[in-house]
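Heads up: the structure comes next, in C-alpha cells.
Whatever order the structure lists ligands and atoms in, that order sets their numbers, starting from 1.
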Amino acid sequence: MAVCTLNSSFLGFHQKSHQPPQQLVFLSGKRWGSSKRERHSSLSNTACVITCSAGGQQTVVIGLAADSGCGKSTFMRRLTSVFGGAAEPPKGGNPDSNTLISDTTTVICLDDYHSLDRTGRKEKGVTALDPKANDFDLMYEQVKALKNGVPVDKPIYNHVSGLLDPPELIKPPKILVIEGLHPMYDSRVRDLLDFSIYLDISNEVKFAWKIQRDMAERGHSLESIKASIEARKPDFDAYIDPQKQYADAVIEVLPTNLIPDDNEGKVLRVRLIMKEGVEFFNPVYLFDEGSTVSWIPCGRKLTCSYPGIKFSYGPESYYGHEVSVLEMDGQFDRLDELIYVESHLSNLSTKFYGEVTQQMLKHSEFPGSNNGTGFFQTIVGLKIRDLYEQISASRAKAPVEAAKA
Ligand SMILES: Nc1ncnc2c1ncn2[C@@H]1O[C@H](COP(=O)(O)OP(=O)(O)OP(=O)(O)O)[C@@H](O)[C@H]1O
Ligand SMILES: O=C(CO)[C@H](O)[C@H](O)COP(=O)(O)O
C-alpha cells in the first residue's frame with residue numbers, strides 16, 4: 001500500500017510562523033482530510049508537491065553531535081563515501097550553504113538553527129552553544145517534516161558573514177544526517193533519531209587539532225585559540241557534553257597510554273563505545289563476543305613502529321547503559337595491512353571481505369586515517385548503511401503484514 005502526502009504549503013513553512021505544512025493524506029486511493037484543509041489546499045497560491053513513498057517508507061534520521069572542529073565534516077565524508085557518489089551543496093543555491101547532498105544522504109548542519117546571528121550573540125553575551133541562541137522548535141518541526149517525507153524551507157547560518165541568510169529548500173532524502181552542536185539536546189528532536197553518534201574528543205586532543213587547523217589554515221594566534229576554547233568550555237560542559245549519555249555510539253579520542261606522559265597528542269587512544277540492545281544495531285566485536293580481550297597485533301602480519309598498537313575489547317557500563325567497547329591505541333604504519341586487523345573483527349556489516357580496508361585506503365589523505373578515529377568512523381559508517389537497509393526492509397514488510405492480517 002502506498003502512502004502519499006500532498007503538501008500544499010512547503011514554500012510557506014517559514015521560520016517565523018513555525019507552522020507545519022498543510023497535508024492531505026491518501027491511503028489506498030481514498031482521500032482523508034478535513035474540508036477545511038481541502039479548502040485551504042484548493043485556495044492556496046503556493047506551489048504543490050506530492051511526496052509518495054511505497055510501503056510508507058520514511059526518511060531514516062541520524063544524529064551526529066560534537067563540538068566545533070572535532071571531525072564531524074571528516075566523518076560525514078567517510079559516511080557518504082560508504083553509500084557511493086559525491087556529496088555536494090544544493091545546486092544553484094547559496095554558495096555558503098552548509099548542506100551536503102548525495103544520492104542517498106542529505107547532511108544538514110544544525111548551526112542553521114542559530115536563532116541569534118553573530119552580532120545578536122555578542123549583544124546578548126551568549127555563545128552559539130547556549131540553547132538560547134538556537135531555535136529548537138523549528139529544528140523539531142523541520143526534522144519531523146523531513147522524516148515524514150515533507151520538504152522544508154530550512155534557514156541558513158552563514159559562517160562567512162555571521163548572518164542568517166534566506167532559507168533553502170530541503171527535500172526528504174533516504175537518509176537525513178543532522179550534525180552539529182545539539183542533535184540530542186531537545187528531547188523532541190532526540191526522539192526522531194533512528195541512530196545517534198557522539199564524537200567525544202578529549203580537551204588535550206581538541207586543543208592540538210584546533211591549533212593545527214586554526215593556526216595553519218585560519219591564521220589565528222595561539223593565544224586567541226586558547227582564549228576561544230576557554231570561553232566555550234562552560235557552555236560546552238553544560239549543553240554539549242551531556243548529550244553523549246543518549247548516543248547509541250560514541251567515538252572517544254584520548255591521548256595514548258603507550259607513551260608515558262605523552263603531551264604531543266599525535267598518537268591517539270580511540271574507543272568505540274557501542275550501546276547494547278539498540279534495534280537494528282549489533283555491536284562489533286573482537287575475537288569473541290562478550291569476552292574481555294587485549295590484543296597486540298604487531299609482528300609478522302602487521303608492521304608497527306614505536307610505540308606500537310594495542311587493541312582491547314570488552315563489556316562496560318556507560319551512563320548506566322550496557323555497552324561494548326572496542327579500543328585501539330597507537331597508529332598504523334601501512335594501511336594495506338589493515339586487512340589483518342579487519343579479519344579478526346566480527347559484526348562489521350561489510351558487503352565483502354576487506355571493505356573497511358578498502359574504504360580506509362580510498363581516503364588515506366583524510367585526517368585520522370592512520371589511527372582509530374578514521375578506522376572507527378569507517379566502521380560506524382558501515383553500521384549506518386546496515387541500519388538503513390534493515391529499517392527500510394522492515395518498513396517495506398510492515399504494510400504487507402498489515403494487509404495480510
Ligand atoms: N581524526 C583526526 N585526526 C587528526 N586531526 C583531525 C581529525 N579529525 C579532524 N581533525 C582536525 O580537526 C580539523 C577539523 O575537522 P573537521 O572539519 O572534520 O571538523 P568539524 O567538526 O566539522 O569542524 P567545524 O564544526 O568547525 O566545521 C581538521 O582540519 C583537522 O585538522
Ligand atoms: O560552534 C560553532 C558550530 O560550528 C560555531 O562557533 C557557531 O556556529 C558560531 O559560528 P561563528 O564562528 O560563525 O560565529
Side-chain angles (χ1 to χ4, degrees), residues 64-80 87 96-100 107-124 126-131 133-135 155-165 177-183 185 197-202 204-218 220 224-225 227-229 231-233 235-236 239-241 251-256 264-272 328 331-332 360 363-378 380:
L64 172 68
D67 197 3
S68 160
C70 285
K72 297 185 297 291
S73 314
T74 311
F75 186 14
M76 284 304 104
R77 287 195 290 163
R78 288 191 196 276
L79 174 69
T80 44
D96 293 327
S97 166
N98 301 307
T99 303
L100 284 174
V107 180
I108 62 175
C109 173
L110 296 180
D111 293 351
D112 288 335
Y113 293 98
H114 287 338
S115 51
L116 296 173
D117 62 13
R118 204 175 283 157
T119 314
R121 289 195 300 271
K122 210 168 178 184
E123 280 169 3
K124 290 216 158 54
V126 294
T127 72
L129 298 89
D130 191 318
N134 295 279
D135 187 342
I156 299 175
Y157 175 71
N158 189 321
H159 281 98
V160 181
S161 64
L163 299 170
L164 292 159
D165 283 353
V177 184
I178 57 169
E179 62 95 352
L181 298 170
H182 305 98
Y185 179 81
I197 305 132
Y198 186 92
L199 298 183
D200 188 8
I201 315 298
S202 64
E204 300 94 315
V205 176
K206 199 190 284 185
F207 190 55
W209 287 2
K210 228 170 159 52
I211 288 175
Q212 183 188 315
R213 182 183 69 172
D214 291 359
M215 281 181 84
E217 296 171 21
R218 301 188 177 177
H220 297 315
S224 73
I225 297 167
S228 123
I229 290 180
R232 290 169 70 96
K233 189 142 187 339
D235 282 353
F236 174 79
Y239 309 118
I240 313 303
D241 194 60
I251 299 180
E252 197 174 75
V253 185
L254 304 149
T256 181
E264 259 196 87
K266 284 209 175 109
V267 183
L268 301 175
R269 179 164 71 98
V270 187
R271 285 159 50 86
L272 174 57
M328 174 183 162
Q331 53 195 33
F332 302 112
M360 290 287 284
H363 301 300
S364 56
E365 81 290 2
F366 284 7
S369 287
N370 66 342
N371 62 41
T373 59
F375 190 41
F376 293 162
Q377 285 178 7
T378 303
V380 174

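Within the 4.0 Å heavy-atom criterion, both parts of Thr74, backbone and side chain, lie near ligand 1. Contact annotation for Leu181 and ligand 2: only side-chain heavy atoms (C-beta onward) come within less than 4.0 Å of the ligand.
Considering backbone and side-chain N/O atoms, Arg118 comes within less than 3.5 Å of an N/O atom of ligand 2. By the 3.5 Å distance cut-off applied to N or O atoms, Gly69 is counted among the residues near ligand 1.
Side chain of Arg118 to backbone of His159: a donor-acceptor contact under 3.5 angstrom is found.
From the protein, the heavy atom lying nearest to atom 22 (O) of ligand 1 is Ser73 OG, 2.4 Å. Of the protein's non-hydrogen atoms, the one nearest atom 5 (C) of ligand 2 is Arg232 NH1, 4.1 Å. Scanning the protein for heavy atoms near atom 20 (P) of ligand 1, the closest one is Lys72 N, 3.5 Å. Taking atom 3 (N) of ligand 1 as the reference point, the nearest protein heavy-atom neighbour is Trp209 CZ2, 3.3 Å. At the top of the distance list for atom 14 (C) of ligand 1, counting protein heavy atoms only, stands Arg213 NH1, 3.6 Å. Among protein heavy atoms, the minimum distance from atom 1 (N) of ligand 1 is reached at Thr373 OG1, 2.8 Å.
Which parts of ligand 2 touch Ser68 is read off a 4.0 Å heavy-atom cut-off, strictly below it: atoms 1 (O), 2 (C), 4 (O).
Residues Thr127 and Ala133 come closest through the heavy atom pair O-CB, 3.6 Å.
The pair Asp130-Lys124 does not meet the salt-bridge criterion, since no charged nitrogen lies less than 4.0 angstrom from a carboxylate oxygen.
Taking the ring axis of Phe366 as reference, the NZ or CZ atom of Arg78 does not stay both within 45° of it and closer than 6.0 Å to the ring centre.
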